[in-house]
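What follows is one structure encoded as structure tokens, with my remarks underneath.
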2 protein chains.
Amino acid sequence: MNKNEKALYKAKAAVFKALGHPTRLYMAEQLAGGERCVCEFVRVIDADFSTISKHLNILKQAGIVEDEKRGLNVYYKLKVPCILNSMSCVEAVISAQLQSQIDLIK
Amino acid sequence: MNKNEKALYKAKAAVFKALGHPTRLYMAEQLAGGERCVCEFVRVIDADFSTISKHLNILKQAGIVEDEKRGLNVYYKLKVPCILNSMSCVEAVISAQLQSQIDLIK
DNA sequence: GGGGTGTTTGGTAAAATAGCCAAATACTTT
DNA sequence: AAAGTATTTGGCTATTTTACCAAACACCCC
């Protein structure tokens with residue numbers, strides 16, 4: 001594996017990594033329904049607003065969302081909406097995993 | 001957000017998190033081409049075999065792969081192959097991100 | 001300009017992750 | 001049963017991530 005390939009795997013992994021936190025995944029899913037301002041997340045998520053802001057920044061750095069300031073609020077939206085297409089398969093993974101565990105008990 | 005919802009986001013995020021490491025993503029992609037034994041990864045990946053084994057275990061815990069011992073070797077394969085369908089979109093994220101950076105320079 | 005609201009940034013402590021080495025385990029071959 | 005190969009496990013350290021608090025910043029309204 002050469003240097004460029006390595007860099008590509010690192011970049012791709014970074015996208016998954018960004019979605020690999022419950023709060024960030026939740027926010028990404030919310031954004032699939034259209035843009036949201038930070039204030040809306042602050043109302044719904046039980047965490048300090050600085051924490052929420054930092055999570056949004058991680059999604060932004062990963063290239064998943066983009067932000068726009070309008071007046072007092074900052075609005076975030078998905079930059080590449082297809083990223084959530086994988087969700088049904090992720091749910092399939094979880095189902096399969098639960099099934100494995102059930103089989104183990106039997 | 002209730003307790004069950006939280007648990008679900010955590011489980012889904014765990015799948016992304018597992019893929020959020022270059023080595024693990026590489027291994028998952030290799031497995032898309034069919035099962036591989038640990039020894040094959042050991043030959044190709046520049047890391048201690050204990051490290052490789054631990055990465056495979058993380059993929060297993062996440063429900064992405066399953067393993068089977070045959071003779072002296074342990075073979076891993078994708079449990080839910082659709083998980084790599086998202087890759088084209090991940091590449092789109094990276095492209096879009098590079099484009100943003102190019103636009104910034106201009 | 002001063003006060004108020006929304007958001008980001010900086011600092012810090014706790015927890016999680018990654019990678020290496022050494023040792024243990026599992027199976028095969030002799 | 002002894003020796004050899006493949007893999008996992010345990011232990012340790014360095015690094016990264018997470019979350020909170022406090023402070024700074026940005027914008028709006030009076």
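The analysis underlying the following values was restricted to heavy atoms, covering all of them including side chains, and did not include hydrogens, waters or symmetry mates. Letters A, B, ... are given to chains in the order of the sequence lines, protein chains preceding strands, and every chain is numbered from 1.
dA16(C) atom P lies 16 Å from atom CD of Gln61(B), rounded to whole Å. Distance Phe41(A) CZ to dT8(C) P: 11 Å, rounded to the nearest Å. Atom C1' of nucleotide dG6(C) and atom CG of Asp67(A) are separated by 14 Å, given to the nearest angstrom. Atom CD1 of Ile52(A) and atom C1' of dT8(C) are 13 Å apart (whole Å). Atom CG in Asp48(B) sits about 6 Å away from atom P in dC21(C), given to the nearest Å. Whole-Å rounding puts the Tyr75(B) OH to dC27(C) C1' distance at 13 Å.
Between Lys69(A) and Phe49(A), the residue anchored closer to the 5' end of DNA chain D is Phe49(A), taking for each the nucleotide with the nearest heavy atom. Toward the 5' end of DNA chain C, the nearer of the two residues Ile58(B) and Ser50(B), judged by each one's closest nucleotide, is Ile58(B).
Interatomic distance, Asn57(A) CG to Ile52(A) CD1, rounded to the nearest 0.5 Å: 14.0 Å. Of the inter-residue distances, the one linking Leu19(A) atom CG with Leu19(B) atom CG reads 10.5 Å to the nearest 0.5 angstrom.
The pair Glu68(A)-Lys77(A) does not meet the salt-bridge criterion, since no charged nitrogen lies less than 4.0 angstrom from a carboxylate oxygen. A salt bridge does not link Lys60(B) to Glu66(B): none of the charged side-chain nitrogens sits closer than 4.0 Å to a carboxylate oxygen. Residues Arg70(B) and Glu35(B) are paired through a salt bridge, judged by an N-O separation under 4.0 Å between the basic side chain and the carboxylate.
Side-chain atoms of Tyr26(A) and Glu5(B) include no donor-acceptor pair closer than 3.5 Å.
Comparing dG19(C), dA26(C), dT7(C) by their closest approach to the side chain of Leu72(B) singles out dA26(C). For Thr51(B), the side-chain atoms get nearest to dC20(C) when compared with the rest of dA18(C), dC20(C), dA16(C). Picking from dA18(C), dC21(C), dT7(C) the nucleotide with the shortest atom distance to the side chain of His21(B) gives dA18(C). With dC20(C), dG6(C), dT17(C) as the choices, the nucleotide that has an atom nearest any side-chain atom of Lys17(B) turns out to be dT17(C).
Lys12(B) forms a cation-pi arrangement with Tyr9(B), by the criterion of a distance under 6.0 Å to the ring centre and an angle within 45° of the ring axis.
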For Watson-Crick and G-U wobble pairs within 3.5 Å on both distances, what is DNA chain D written in dot-bracket notation, | included for inter-strand pairing? ||||||||||||||||||||||||||||||
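Note on Arg43(B): nothing from the nucleic acid sits closer than 4.0 angstrom, heavy atoms only. Counting non-hydrogen atoms under 4.0 angstrom, Arg70(A) reaches nothing in the nucleic acid.
The closest side-chain heavy-atom distance from Arg36(B) to Leu31(B) is below 4.5 Å. Taking 4.5 Å as the limit, every side-chain heavy atom of Leu59(A) sits out of range of all side-chain heavy atoms of His55(A). Side-chain contact check for Met87(A) versus Glu29(A): some heavy-atom pair is nearer than 4.5 Å.
Phosphate contact (OP1/OP2 of dT17(C), side-chain N/O of His55(B), threshold under 4.0 Å): absent. Listed pair Tyr76(A) / dT8(C) meets the phosphate criterion, a side-chain N or O lying under 4.0 Å from OP1 or OP2.
Using a 4.0 Å cutoff to heavy atoms of chain A, the contacted part of DNA chain D runs 5' to 3' from dT17(D) to dC28(D).
A donor-acceptor contact under 3.5 Å is formed by the side chain of Lys54(A) with the base of dG10(C).
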